[in-house]
Amino acid sequence: MPSTTITPQLIQQHGLSEDEYQKILTHLGREPNLTELGVFSVMWSEHCSYKSSRVHLKRFPTEGPQVVQGPGENAGAVDIGDGFAAVFKMESHNHPSFIEPFQGAATGVGGILRDIFTMGARPIALLNSLRFGELDSPQNTHLLKGVVSGISWYGNCIGVPTIGGEITFNDIYSKNPLVNVFCLGIVKKDRLLRGLAKGVGNQVLYIGAKTGRDGIHGATMASDSFDDASEKKRPNVQVGDPFLEKLLLEACLEFLEQDLLVGIQDMGAAGLTSSSCEMASRSGTGIELDVGKVPRREHNMTPYEILLSESQERMLLVAQPGKEQAVLAVCQKWGIDAAVVGKVTDDGMLRIREGDQIVAEIPADAIAEGAPRYERPSAPPQYQEVLQALNLDALPDLTDGTDALLQLLASPTIASKRWVYQQYDYMVGTNTVVCPGSDAAVVRIKGTGKALAMTTDGNSRYCLLNPYMGGSLAVAEAARNLVCSGGKPLGVTDCLNFGNPERPDIMWQFIMAVEGIADACRSFEVPVVSGNVSLYNETNGLSIYPTPIIGMVGVIEREEDITTQWFKESGDTILLVGENKEDLGGTEFLKVMHSREQGMPPWLDLEQEKSIQACILTLIKKGWIQSAHDCSEGGLLVTLAECCLTHPSAPLGATITLSQERLRLDALLFGESPSRIVISVKTKDLDSVRACIQDMGGKVPMSLLGQVTATDQIDVTVQKDQGQPPCQMVWPVKDLADQWYNSLPSQLKMKDSP
Amino acid sequence: MGQSSHLIWHQETSVQGMDAILLPGGFSYGDYLRTGSIARFSPIMEAVIQFANQGGLVLGICNGFQILLETGLLPGAMLRNTELSFICKETYIRVENANTPFTKSCEVGKVLKLPIAHADGNYFTNPVDLSALQANAQIVFRYCDRDGIVTPSSNPNGSIDNIAGIQNAQGNVLGLMPHPERCAEPIFSNQDGRLIFESMLTSLIGQIPLPAK
Amino acid sequence: MKAKIYITLKNGIHDPQGRAIQQSLQTLGFEGVQDVRMGKFLEVDLQEMKKDSAEKTINTMCQKLLANTVIEDFRYEIIEN
Amino acid sequence: MKAKIYITLKNGIHDPQGRAIQQSLQTLGFEGVQDVRMGKFLEVDLQEMKKDSAEKTINTMCQKLLANTVIEDFRYEIIEN
Ligand SMILES: Nc1ncnc2c1ncn2[C@@H]1O[C@H](COP(=O)(O)OP(=O)(O)O)[C@@H](O)[C@H]1O
Ligand SMILES: [Mg+2]
């Protein structure tokens, strides 16, 4: 082995602490060489080892009759009936997207797709969840445009529809934008593949793109916070190749069809190293690899570089001897490089050769399972009380909400994201039944009569103000979005984006949010089957808001239950299911109209939320619901406006009467109480709907809001408490549409930048 | 639509036994270099060209249209959309020529609502070819507004003369950018795309297929 | 040996990408940019051969695949080692 | 005056387009094409100015907008009338 002295500096450059290095010495019983140090460094990075988060993630409920595969594999899977499983996962690509937004986001999509098709599932839907700084800065618009076009390019090119997602804007993300991507695939339940390296003597094959020096130490980078210098020490950026990935995808599904594999794992972060260690460690075996056999794109690559490269579009396979020729033949058919690079051994070692020479030899378990685990100190931040204190009496109430609604609709966080999703081919494959623009996206599963609804949600301001509640609210909102679309929630994937876990306040946010998510998931009986943690989202000491994103999937049993958010016909009656409360804390209204991000977030009553969701599902199944839309950012008026505006071809109007009932007017109109759903029903069904809701034992509050109209305006009358004249507001639907649809494009055009 | 279909692998060299050939959308070869430029040289394309030259029905949708342009079966070329980015949305197109195997079931002036999904759909051809297209009624579809009026603002990509689809002089090869196959089933509220496939069937077997259940 | 190939849109053909770049340059405060045209630049590594056969080869490549002569012109240089 | 700008992927950066073109050339029977790299070629028409200030302007344009310096290198020539 070429000997480089391992100096304290070298250890530090590899992001390893003194303690961690001691642990390495114990595992090895000797000093590591440079290659081995590199392997430990990436595998023990936060990104790969989850060393700060793992102990807490145990709180998530992960079991349930529907779970086919829980956390621990490339992706999770739930049973959707008819012998099929839905395989899904979400992942972050935050740091690479900040450095190079187009390629960073594109390769993020590539990575999550591989996670799905390594399980043998055909990817059928992508979603994305994005966070950027406000659009008045050219750098932020540049990042937004780059990220969106990167996602668009990769997803469109490989032919998987991008059918939904969410974006919010807050300057806290200016130096740490978030790019979370979700993918879902379908597989026959009994054909699920796993990342196993079982069977001593089995062959290890490498397929896909040739290895270059891309993104070496990407994993350690993703585990490091940024400072101004990191823009200069730009690492080798990875470039995506969606066409090659398409070939890889088809080849992998063909392996499955021909039953050629024992196990398969994609090479994501930490490339060849992590894929081989994880496969061996999961199976209790060892792996021996010859880096000399790895197809390479560049000359003179060292074993260190080959092992740590993060070149995209590569897979590691394990096949029984005798089947490798068939594997190679499939690869040839699809025109992708492939090579036998090693074999499965029985000694639990990851042994790397270069020809005859052994260049690294480490117990696979030591790297994977043996990674450090920290129970890092946590404490609520001192500023928490200041954040939560909100003296409403010091805020003048509205006397009229006409202008506030227009302003809120134009706030980029609330405004239509059409500018974004029009760049995504959300229809390719002809399965998208509900396109972006409703509460959840819906794809049909051909041949089953069923469909899947999916959504991603998370409100980081709520999480900042109360991370426990914020976590629960995200789960509740995701479930509500599915239910509004006619879906029964089945499973969750999450992406937990937080700051520096070495800071107790950040760790506290993390732990509280995880608990909030866990409790809500338990209560809704939707287990967490996969997820991802992204820590160190911090620049120059400033952390992002705690941003857990929930991806949720539900099944719609019958096509006729598929429901959308927009009003359908004039004359229909509009109802509110749920209660308006004085929930102004942490709202978009406070931010937009009062420049405050303060207060306690809305209070979530899990039991009531569940009853309301059950009620909506029942009404949908009875066929009584014309439209259902949940209230989220912007509150009741924004929700009503969206119900009118979002009809794909013929926007409708509405006449609404509200009664103030001791609430502040701003809270009534723009408060963000959860557990509220605006539905419209045919007026002839109104009595049945009422009766049905009453049968639910009075747990489901319901009130009449008004009527859908064919006029081109929305009329809202608020009956004030005794003696005061009512407040009347009227908006031409066209004006609302202008604000809502044109806000993003106009902000992006005016501030045009690189 | 009750017809049997058969996927042909790009490495094959024969299209024997086919009544019509459909080049679908997609990003063949990632659309690297130029849209359709590499796929145009797939081994199967020789047979497709021959089939077309013998009068066989060939329909190219989106990337399929782009490939047909690269082969020269249809005149012209695609430029990047004026807005540069990929656009996925519903558009309206007007049937300009109903006397083709692909539009038989429509009337001239019929407005179809079909989605587009492309980054390079800005059709271009030189003035001489454009006049020929116009003179021979080879412009089969133009982007229009909801009421069938061909306006600049209903042109989603900058295409010359609002062209959404053209056919060859013989009238057996059609290319169009919008996707009829994305709105041809009852589960999608819009089924305008069926008209194109129905027209093809009518011209092939002389009868209108039963509507889908 | 190497060939450098320049592929440009024919004169008179509208160049949406060039135009967008020109506008962005203006927005960024670069004055007096009258026109921008965007093309492709390819570098091809060839095995050694006579210069004139290399020229012929490259010309055919451009005609057949690399350029779309309906809208594009091409130009190339052969660089011998 | 005019500037010709050549933008190429940095050495070592993966070039999927180049690779696809190379393979396609091979399939078309062009033998001995060892590598293809794909880049951009821009022609910019500038108002008249001193050559060195033109150079400075073009350099800044490339840095700021035209090239993505994380993955691309650029080179340019100024052509005076
Ligand atoms: N980044 C994105 N990509 C694709 N679709 C998006 C994106 N952001 C928002 N959308 C779509 O816009 C619609 C509104 O989004 P949002 O306001 O977040 O909905 P909700 O509040 O119901 O979760 C949804 O259909 C969503 O899928
Ligand atoms: Mg919603």
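Below, all heavy atoms of this structure are taken into account, side chains as well, without hydrogens, waters or symmetry copies. Here is the naming used below: chain letters follow the sequence lines, and residue numbers restart at 1 for every chain. Keep in mind it's a predicted model, so treat the numbers as computed, not measured.
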Pick one of side chain, backbone, both or neither for B:Leu33, based on which atoms fall under 4.5 Å of a heavy atom in chain C. both

If I measure from the heavy atoms of chain B, does C:Leu65 come under 4.5 Å with its side chain, its backbone, both, or neither? both

In terms of heavy-atom pairs under 4.5 Å with chain C, the winner among B:Leu79, B:Ile38, B:Leu69 is B:Leu79

Of the backbone (N, CA, C, O) and the side chain (C-beta and beyond), which part of C:Leu66 lies under 4.5 Å from a heavy atom of chain B, both, or neither? both

Assess whether atom CG of B:Asp147 is packed by more than 12 heavy atoms of other residues, nucleotides or ligands within 6.0 Å. yes

Taking atom NZ as the centre, does B:Lys104 end up with more than 12 heavy-atom neighbours from other residues, nucleotides or ligands that are less than 6.0 angstrom away? yes

Selection residues 165-179 of chain B - residue pairs positive for side-chain hydrogen bond (donor to acceptor under 3.5 Å, both in side chains), sequence neighbours left out: B:Asn168-B:Gln170, B:Asn168-B:Asn172, B:His179-B:Glu181

Note each donor-acceptor pair with a separation under 3.5 Å, taking one atom from chain B and one from chain C.
residue : atom : partner : partner atom : Å
B:Leu33 : O    : C:Lys40 : NZ           : 3.0
B:Arg34 : NH1  : C:Leu65 : O            : 3.1
B:Arg34 : NH1  : C:Leu66 : O            : 2.8
B:Arg34 : NH2  : C:Leu65 : O            : 3.0
B:Glu70 : OE2  : C:Asn68 : ND2          : 3.4

For residues 8-27 of chain B, dump all side-chain donor-acceptor pairs below 3.5 Å to protein atoms at least two apart in sequence or in another chain.
residue : atom : partner : partner atom : Å
B:Glu12 : OE2  : B:Trp9  : N            : 3.4
B:Ser14 : OG   : B:Gln16 : N            : 3.0

Please, which pairs that meet side-chain hydrogen bond (donor to acceptor under 3.5 Å, both in side chains) have at least one residue in residues 51-61 of chain B, sequence neighbours excluded? none

